[in-house]
Amino acid sequence: MRDNGHVATLFEPLALGALALPNRLAVAPMTRVSATADGVPTPRMADYYAQFAQGGFGLVITEGLYTDEAYAQGYLHQPGLANVAQREAWRPIVAGVRSRGGRVIAQLMHAGALSQGNPYRTGTVGPSAVQPKGEQMAFYRGSGAYAVPAAMTQDDIDTAVAGFARAAVRAREAGFDGVEIHGANGYLLDQFLSEGINLRGDRYGGGIEGRLRLLVEVVEAVRAAVGTDYVVGVRLSQAKVNDFTHRWRGEEEAATIFRTVGGLDVDYVHVTEYEAWQPAFGTGPSLAALAKRHGGKPVLANGSLHDPAQARGMVERGEADVVSLGRGALAQADWPQRVRLGAAPASFDPAILSPLADLANADRWREDHLRPG
């Protein structure tokens, strides 16, 4: 096979703040619930993350890491950055990615009302006492309806903000190249952003400016904690893991959200949709394009971009600066190398995440499907 010049755009270098990326290809955050019961990452996780850098991805973004020992944890066996033991266990994982030419960013996550496994606290918290839609996710060891959360007090909010900031410092100490603040997919910061979920009458509720306030405070606290020379990104979405149909109030609200986030001291905005290139509101621009238009910061786009033509198109049209792959990366950790040489990408098999979306199940899947003969 020879070099595939049609995808050359994807292999151009890029700077995200102070971070130099070798190409425009990133591994998206994917929850794998494979840490110890205490949230400490394992040697198997080191192999898992290193394979993507070995396969040519310029940037690897971790699964969501819980940020405090209060209400942040979302899933049993979810890794964290909430204490020293967790921080120390991330050091060799980060070193393994970097030694293979990749850059690695820690995604910082507070599950809020969507928590379905947290040994630190009984019960859940959210912006308001509104039961989340849908049911807990079985492949993350959940079952049944979500609990009705307690409405967060100011002390709860202060604890959450401080948790993000302290986790960001631990990420820097562990050697991560940056942090991504998870404001998407229905977790805590997205809960505060969302109408129908945030019913607060204080300064954290009401109109879009109030509903954005917690996200703004978290970004500001993280930036103050890590300094000006460290990469800080934000992830945003319309849909949620428990509500795939949720949408913002059209382009005007999207513009307000992206202008607000883009006006903060962040280095990129990471947006995710089911199909990243589709119009965000029936007609018109994609969500990534709106982020570029109104946010003024580099944009990472995620959503069914495992087709090289779709991935290339997002970058060539100026809708995104980097494309991030979830299913595509799981299907083949060397997606960049294969695509650069003109090989057809492999199809993603959902069985790799069933019955549990952990690495042990993925290993069994590979043994069953990839054994010789």
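Residue numbers run from 1 in the order of the sequence given.
- Side-chain contact between Asn302 and Leu325 is absent, with no heavy atoms from C-beta onward closer than 4.5 Å.
- For Ala113, the side-chain contact (heavy atoms from CB on, under 4.5 Å) test picks out Pro132, Pro149, Gln191, with sequence neighbours left out.
- Every residue two or more places apart in sequence or in another chain that forms a side-chain hydrogen bond (donor to acceptor under 3.5 Å, both in side chains) with Gln154 is listed here: Asp158, Tyr204.
- Residues near Ile197 contribute nothing to a hydrophobic cluster around it, because no ILVMFWY side-chain heavy atom sits closer than 4.5 Å to its side chain.
- With sequence neighbours left out, the ring pair (Phe, Tyr, Trp, His ring centres under 6.0 Å) criterion links Tyr48 to Phe52.
- The ring pair (Phe, Tyr, Trp, His ring centres under 6.0 Å) pairs that include a residue from residues 96-131 are Tyr66-Tyr120, where partners are two or more places apart or lie in different chains.
- Checked against side-chain contact (heavy atoms from CB on, under 4.5 Å), Ser354 has no partners two or more places apart in sequence or in another chain.
- At a threshold of 4.5 Å between non-hydrogen side-chain atoms, the residues Tyr71 and Leu188 do not count as touching.
- Within the 4.5 Å cutoff, the side chain of Met152 has heavy atoms near those of the Arg200 side chain.
- Met30 approaches Ala329 most closely through the heavy-atom pair CE-CB, 4.4 Å.
- For Gln131, the side-chain contact (heavy atoms from CB on, under 4.5 Å) partners at least two apart in sequence or on another chain are Ala145, Val148.
- The ring pair (Phe, Tyr, Trp, His ring centres under 6.0 Å) analysis of residues 171-203, with sequence neighbours excluded, yields the pairs Trp90-Phe176, His182-Tyr187.
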Show your working on salt bridge (charged side-chain N to carboxylate O under 4.0 Å, His left out) between Glu195 and Arg249 and close with a plain yes or no. CA-CA 10 Å; Glu195 289 184 288; Arg249 282 177 173 255; 2.6 Å; yes
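- By the 4.0 Å N-to-carboxylate-O rule, Arg170 lies too far from Glu173 to be salt-bridged with it.
- Ser115 contributes no side-chain N or O that, together with a main-chain N or O of Gly112, makes up a donor-acceptor pair within less than 3.5 Å.
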Hey, mind stepping through Ile257 and Glu253 against side-chain contact (heavy atoms from CB on, under 4.5 Å) and telling me if it holds? CA-CA 6 Å; Ile257 293 169; Glu253 184 169 82; 4.0 Å; yes
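- Scanning for side-chain contact (heavy atoms from CB on, under 4.5 Å) contacts around Gln54 gives Arg100, with sequence neighbours left out.
- Val231 has its side chain out of reach of Asp177: every pair of non-hydrogen atoms, C-beta onward, lies at least 4.5 Å apart.
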Is there a side chain to side chain donor-acceptor pair (under 3.5 Å) between Asn23 and Glu12 once you walk through the steps? CA-CA 5 Å; Asn23 59 43; Glu12 296 174 352; over 6 Å; no
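- For the side-chain contact (heavy atoms from CB on, under 4.5 Å) criterion with Val234, the lone passing option out of Asp267, Val261, Val218 is Val261.
- Side-chain N/O atoms of Asp156 and Thr159 include no donor and acceptor closer than 3.5 Å.
- Distance CG/Leu193 to CH2/Trp248: 6.5 Å, rounded to 0.5 Å.
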Only distances under 3.5 Å count here; give the side-chain donor-acceptor pairs of residues 275-283 to other protein atoms, sequence neighbours excluded, each with its distance to 0.1 Å.
{"residue": "Glu275", "atom": "OE1", "partner": "Gln278", "partner atom": "NE2", "Å": "3.0"}

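- Defined by atom type and a distance below 3.5 Å, a donor-acceptor pair is present between the side-chain atoms of Thr9 and Glu316.
- Residues Met109 and Gln78 meet the side-chain proximity criterion, which asks for heavy atoms closer than 4.5 Å.
- The shortest distance between side-chain heavy atoms of Leu10 and Val315 falls below 4.5 Å.
- Summarising the geometry of Gln86 relative to Gly39, their closest heavy-atom pair is CG-O, 3.3 Å, with the distance given to 0.1 Å.
- For the salt bridge (charged side-chain N to carboxylate O under 4.0 Å, His left out) condition, the pairs that include at least one residue of residues 290-306, sequence neighbours left out, are Glu251-Arg293, Lys292-Asp321.
- Ion pairing between a basic and an acidic side chain is recognised when a charged N comes within 4.0 Å of a carboxylate O; Lys133 and Asp243 show such pairing.
- Judged by distance alone, the side chains of Tyr49 and Glu63 do bring a donor and an acceptor atom under 3.5 Å apart.
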Review item, side-chain donor-acceptor pairs of residues 303-311, under 3.5 Å, at least two apart:
{"residue": "Ser304", "atom": "OG", "partner": "Tyr274", "partner atom": "O", "Å": "2.6"}
{"residue": "Ser304", "atom": "OG", "partner": "Arg327", "partner atom": "NH2", "Å": "2.6"}
{"residue": "Asp307", "atom": "OD1", "partner": "Ala309", "partner atom": "N", "Å": "2.9"}

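- Side-chain contact between Leu214 and Ile157 is present, with heavy atoms from C-beta onward closer than 4.5 Å.
- Ion pairing between Asp68 and Arg166 fails under the 4.0 Å rule for side-chain N and carboxylate O.
- Remark: the Ser324 side chain and the His270 side chain contain an N/O donor-acceptor pair separated by less than 3.5 Å.
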